There are 2 protein chains.
Amino acid sequence: MRDGTATKNKINRVAMELFAEKGVTETTTKDIAAGAGIAEGTIYRHYKSKDELVKKLFLSLYEEQGNYLHEIASADKDSKQKIADMIVNFCQLFAEDKALFTFLLLTQHGQLKEVPDDMVTPVVVLRDLIAQGQDDGTIKQGDPDLMAAMVLGVVVQPAVFHVYGRLTQDYKSFTQDLTEAAWSIVGLDE
Amino acid sequence: MRDGTATKNKINRVAMELFAEKGVTETTTKDIAAGAGIAEGTIYRHYKSKDELVKKLFLSLYEEQGNYLHEIASADKDSKQKIADMIVNFCQLFAEDKALFTFLLLTQHGQLKEVPDDMVTPVVVLRDLIAQGQDDGTIKQGDPDLMAAMVLGVVVQPAVFHVYGRLTQDYKSFTQDLTEAAWSIVGLDE
DNA sequence: TAGTATAGTGAGTGCTTAATCACAATAGAT
DNA sequence: ATCTATTGTGATTAAGCACTCACTATACTA
């Protein structure tokens with residue numbers, strides 16, 4: 001084997017899962033190597049440092065998710081449907097890959113501080129979506145940043161509690177409730 | 001000086017601020033000692049270990065806040081007013097002592113995992129408040145745990161973004177918006 | 001004043017960590 | 001078959017960490 005991408009993917013996956021489970025600082029390079037079934041030194045054939053691994057992993061995964069979000073936001077639907085689609089997307093991601101979802105949440109937990117300003121994060125997409133909806137009159141007035149934060153909170157907080165075992169039923173079954181709650185924050189009275 | 005409470009208070013305050021700012025693992029005993037202007041060894045005259053410091057600090061501060069919450073929840077008011085009071089209380093705490101508020105949030109960030117089940121946390125108080133309101137018909141039906149998580153998300157998420165500089169205006173000025181958003185989730189149509 | 005318990009000190013200890021490096025294995029190129 | 005570049009190894013290293021301990025300083029007691 002001359003191509004090391006399989007090993008690198010293994011490192012990425014294991015690292016992501018451990019970071020999500022224990023946090024970045026609590027996860028050692030030894031843990032990652034053991035989980036991936038490789039020697040500790042091999043990590044350093046693919047990454048200059050643990051810090052680089054963390055940052056590249058975060059950036060690549062976030063970019064991937066950002067693309068999905070961008071697709072949803074630029075679809076030819078009304079604002080209400082787009083916000084609903086975003087929430088469905090969150091719930092699906094959480095249901096399908098809890099480790100990935102939790103890892104992405106680490107940004108909001110201060111474990112990953114250096115988030116580029118121009119990065120496509122959920123809150124940025126949501127804010128633009130809300131501002132756009134305000135222009136065409138489908139979403140009520142208010143500070144788009146604050147409204148985006150509140151909508152995100154409605155979805156994220158149950159997910160956080162779900163991770164820590166407070167909410168035990170299937171997260172996907174919340175989707176309808178989360179969507180309605182989100183809409184009640186930004187939506188117009190009907 | 002034979003009484004060391006002044007030193008202990010200094011340790012507690014500095015530790016709380018550093019934990020809130022950098023996280024628990026990233027804060028060293030050396031940092032705390034330097035911040036408090038004492039020797040590293042002095043910390044161990046007051047606490048058996050760093051772990052004990054973290055846990056006692058967390059427990060005492062959370063208990064204090066729990067008492068406020070309990071007061072609010074047991075007041076002779078209707079559910080809507082109680083929820084509003086809780087949110088005002090959050091906003092005030094955040095405005096007055098950002099470090100304390102952020103430190104208390106660490107529990108939701110997985111940095112402090114061992115939270116006793118019977119502890120009076122905001123989500124528990126909220127859940128009971130919601131369940132109670134559902135009984136007397138002032139709050140709409142639905143899973144109280146999920147609803148409490150959503151309401152908390154509306155308040156907490158803006159606070160998180162506020163800490164990381166995304167929302168720059170005075171947090172207290174959100175109070176009205178946060179209260180309305182929270183009520184739109186649990187409240188009955190009027 | 002002498003005695004004692006408590007509070008504070010900081011160099012030192014042992015352990016864990018991220019990162020290194022000389023070496024080995026592998027597989028395509030010539 | 002030999003060469004070469006890449007990938008993988010694991011003992012080793014240097015740094016940083018929580019924690020200790022012999023010692024000093026302080027202030028109350030008798």
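This is a predicted model, so every value here is computed, not measured. Just so you know, these numbers use all the heavy atoms, side chains as well, and skip hydrogens, waters and symmetry mates. Labels below follow one simple rule: chain letters A, B, ... track the order of the sequence lines, proteins then strands, and each chain is numbered from 1.
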Discussion item. Applying a 4.0 Å non-hydrogen cut-off, can you work out what A:Ile38 is touching in the nucleic acid: base, sugar-phosphate, or nothing?
Written reply: sugar-phosphate

Practice prompt. Answer with yes or no whether the side chains of B:Gln132 and B:Ser79 bring together a donor and an acceptor at under 3.5 Å.
Written response: no

Worksheet item: B:Lys10 NZ to C:dG8 P: how many Å, rounded?
Response: 13 Å

Worksheet item: Taking the six-membered ring for Trp, are B:Tyr171 and B:Phe174 parallel (under 30°), tilted (30 to 60°) or perpendicular (over 60°)?
Response: perpendicular

Worksheet entry | Over all atoms of both residues, closest heavy-atom pair of B:Lys140 and B:Gly187 | CD-O, 3.8 Å

Practice prompt. Would you indicate, yes or no, if D:dT6 has its OP1 or OP2 atom less than 4.0 angstrom from a side-chain nitrogen or oxygen of A:His46?
Written response: no

Worksheet item: Going by an N to O cut-off under 4.0 Å, is there a salt bridge joining A:Lys82 and A:Asp128?
Response: no

Practice prompt. Report yes if at least one side-chain N or O of A:Thr42 is closer than 4.0 Å to OP1 or OP2 of D:dT7; otherwise report no.
Written response: no

Worksheet item: Which letter, B, S or -, goes with each nucleotide of nucleotides 17-24 of chain D from 5' to 3', with contact meaning a protein heavy atom under 4.0 Å?
Response: SBBB-B--

Discussion item. Tell me every residue that passes side chain to side chain donor-acceptor pair (under 3.5 Å) with B:Ser173, counting only those two or more places apart in sequence or in another chain.
Written reply: B:Gln169

Worksheet item: Counting only side-chain N and O atoms of B:Thr7, is one of them less than 4.0 Å from OP1 or OP2 of C:dG8?
Response: yes

Worksheet item: What heavy-atom pair brings A:Val24 and A:Phe19 nearest, and what distance separates the two atoms?
Response: CA-CD2, 3.7 Å

